[in-house]
Amino acid sequence: MKREQEYTWTDFERGYVITEPGSSREYHTGDWRSQRPIFDKERCIKCGVCWIFCPDSAIRFDAEGHAETDLDYCKGCGICVRECLPGAITMVDEED
Amino acid sequence: MGKRVGMEVSIAASEAVRLANVDVIAAYPITPQTHIVEHLSEFVNNGELDAEFVPVESEHSAMSVCTGCAAVGARSFTCTSSQGLILMSEIVYCTAAMRLPVVMVLANRSLSNPISIWNDHTDVMSIRDCGWIQYFAENGQDVLDHVLISYRVGEDRDVMLPVIVNMDGFSLSHVVEPVELVDQETVDKFLPPYKPSVVLDPTHPVTMGAIVLPSCYTETKKAQDEAVKASMPIILKGWQEFGDLTGRYYHPIEEYRTEGAEVLLVTMGGISETAMWAVDQMREKGRSVGLLKMRLWRPFPFEEFRKAALKARMLVVVDRAISYGGPGGPVASELRSALYNEPKRPIVANFIAGLASRDVAPFDFIEMVDRAEGACKKGTEPEYEIYGVRE
Amino acid sequence: MIEIRFHGRGGQGAVTSAELLAHAAINEGRYAQAFPSFGPERRGAPVVAYCRISDDPIRIRASIYEPDFVVVLDYSILRIVDVTAGLKHPHGILVTDSKFPGEKVRADLNIKGKLAAVDAKGIAMEVLGLAITNTTMLGSLVKVSNVIQKDSLIEPLKERFGRIADKNIAAYERAFKETVVVDG
């Protein structure tokens with residue numbers, strides 16, 4: 001994908017229409033993260049509350065139904081940690 | 001030539017909308033635009049026009065509906081005045097930037113406060129920079145013709161811009177006068193169906209009206225500026241073809257008795273006809289006065305204006321709006337800028353007149369020319385004056 | 001170009017009068033223009049409407065300052081509005097509703113120049129059952145002015161009034177007959 005600084009005024013679709021559906025997938029907001037959530041599969045009860053509350057739709061489920069995060073999009077806000085009923089999620093620094 | 005029929009100019013506007021076979025009308029009634037909305041709702045109710053009539057709860061919604069409908073590929077129409085325009089202005093800017101060819105008839109009326117339902121151009125000048133193509137009509141025939149021309153030009157794939165047809169409130173909208181209707185066959189020949197290249201369609205999703213970051217906003221605005229400028233040849237082509245079909249030819253700047261004229265009155269909208277009458281009277285007395293009528297306001301017809309204006313020694317520009325604490329009326333300001341780089345340019349005298357339907361009669365035009373000439377003789381370059389104000 | 005100014009009260013049909021006359025003239029193949037003195041409609045308030053008729057296209061949109069004819073739809077207006085203001089002298093004619101003879105109107109109100117009077121309210125009450133004098137006064141105006149041919153107004157009246165057109169045509173024709181002109 002072309003970087004935004006490379007667009008000239010003639011590069012846009014008429015009316016700045018974005019003709020490719022779902023192009024925001026290419027925008028990896030995971031780069032904004034300084035902390036990331038860690039999921040404890042032993043404690044996870046597969047209730048899906050984290051999936052409901054995640055403002056970035058970055059929660060997905062593994063083959064067994066345990067929650068995990070898509071690190072391409074997770075901004076590390078920590079809302080899932082606060083909402084998780086059994087306390088299965090904790091935040092760790094990206095450096096760790 | 002078709003038969004001249006007597007009708008109120010608002011009805012002529014509605015007839016044009018019917019002939020253009022629009023798909024959607026969304027409008028909120030406001031004086032002096034009301035008669036247009038009334039007639040259109042009757043057309044839809046009586047089955048004379050197969051369109052959705054959306055009786056919206058505000059002008060903001062009217063323009064939102066029209067913009068959304070144009071985005072799905074429906075030919076859309078609205079009309080408003082004054083406060084209604086101000087209320088819808090947020091969306092007016094979006095429609096242009098999104099390149100959706102909505103057509104709006106604006107029955108020009110003063111802005112509040114104090115409340116005035118009467119006619120001047122303060123409403124349209126408040127959205128001067130909205131990015132729409134903007135015409136000014138001088139009679140009922142103009143209004144009818146320009147609704148049709150607006151769809152043709154706006155929907156052209158090389159234009160794709162919304163269009164405002166300015167029609168003076170009351171002094172045009174409420175006048176019964178002869179108008180020549182265009183037959184449906186001619187309209188169909190002139191105005192092909194609206195077929196945008198991209199539409200909102202769930203089976204082929206696109207995003208319209210997305211955010212653009214500062215890194216790209218400048219480029220999007222450059223694109224929009226170029227788009228409005230690039231509409232000029234299509235507008236000229238539209239006028240030419242309309243003329244070939246109907247015998248009525250229009251031009252961005254229209255000259256009236258300008259041959260050899262030292263002084264040129266400059267007007268826009270309905271007062272132009274009265275100004276022609278005044279020019280006739282002055283010419284009869286041997287005075288060297290002509291008239292330039294501005295029909296196209298956006299894109300601004302620089303080339304045509306300079307060609308017409310540079311022949312004169314003085315322009316007497318009659319504005320119908322005011323820029324408080326600014327350089328005078330909006331029309332005169334722009335004409336001055338358009339002439340600034342010319343080595344030998346005419347003096348521009350500016351009168352702001354006809355606010356809130358205050359009459360501008362032939363003798364007023366003559367008085368303005370006299371006053372401007374007088375100031376020139378004294379060697380003072382006139383700036384602007386609110387004409388006829390009681391001191 | 002002939003210029004006509006109508007004076008009435010909101011609801012009496014001054015604007016309609018001007019419009020009907022313009023339609024009649026345009027149907028004759030001529031040019032015409034009708035417009036109200038613009039403003040909010042207020043029943044009972046004094047109202048002014050204008051009509052211009054010409055054989056050539058009309059290129060003036062200002063108000064009418066020097067009318068050839070002034071039509072007054074309601075006698076009571078004469079006392080509160082200077083209806084003869086600008087009336088062209090000496091050819092201009094004031095055409096008014098009045099149950100009194102024209103001479104008395106002239107003397108009472110000190111009006112100079114030519115004047116025509118008809119009991120428009122009386123005719124309207126008898127024929128229409130309403131004190132709406134617009135079509136009646138048109139009969140009177142057409143009689144004294146010849147600005148249009150008498151029958152040119154029939155079509156516009158039919159179009160405007162539909163099922164009550166016949167009564168309006170009757171009022172129009174009766175006023176045409178009963179109008180009395182008093183020379184100035």
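Just so we're clear, the structure is a prediction, and the values are computed from it rather than from any experiment. Within every chain, numbering begins at 1; the chains are lettered A, B, ... in the order of the sequence lines, protein sequences first and strands thereafter.
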Lys NZ or Arg CZ of B/Arg295 over B/Tyr135 ring: under 6.0 Å, within 45°: no

Without swapping roles, check the side chain of [X] against the backbone of [Y] for a donor-acceptor pair under 3.5 Å.
{"X": "B/Asp156", "Y": "B/Val153", "value": "no"}
{"X": "B/Asp123", "Y": "B/Ser82", "value": "yes"}
{"X": "B/Asp23", "Y": "B/Arg75", "value": "yes"}
{"X": "B/Glu304", "Y": "B/Pro252", "value": "no"}

Is A/Lys75 paired with A/Asp56 through a side-chain N to carboxylate O contact shorter than 4.0 Å? yes

Which bit of B/Leu213 comes within less than 4.5 Å of chain A, counting heavy atoms only: side chain, backbone, both or neither? side chain

May I ask you to name which of B/Gln224, B/Met98, B/Lys222, B/His204 has the most heavy-atom pairs under 4.5 Å with chain A? B/Lys222

Contact residues of residues 62-73 of chain A (partner chain B; heavy-atom separation under 4.5 angstrom): none

From CA spacing to verdict: salt bridge (Lys or Arg N to Asp or Glu O under 4.0 Å), B/Lys221, B/Glu226: CA-CA 9 Å; B/Lys221 293 293 112 176; B/Glu226 291 296 330; over 6 Å; no

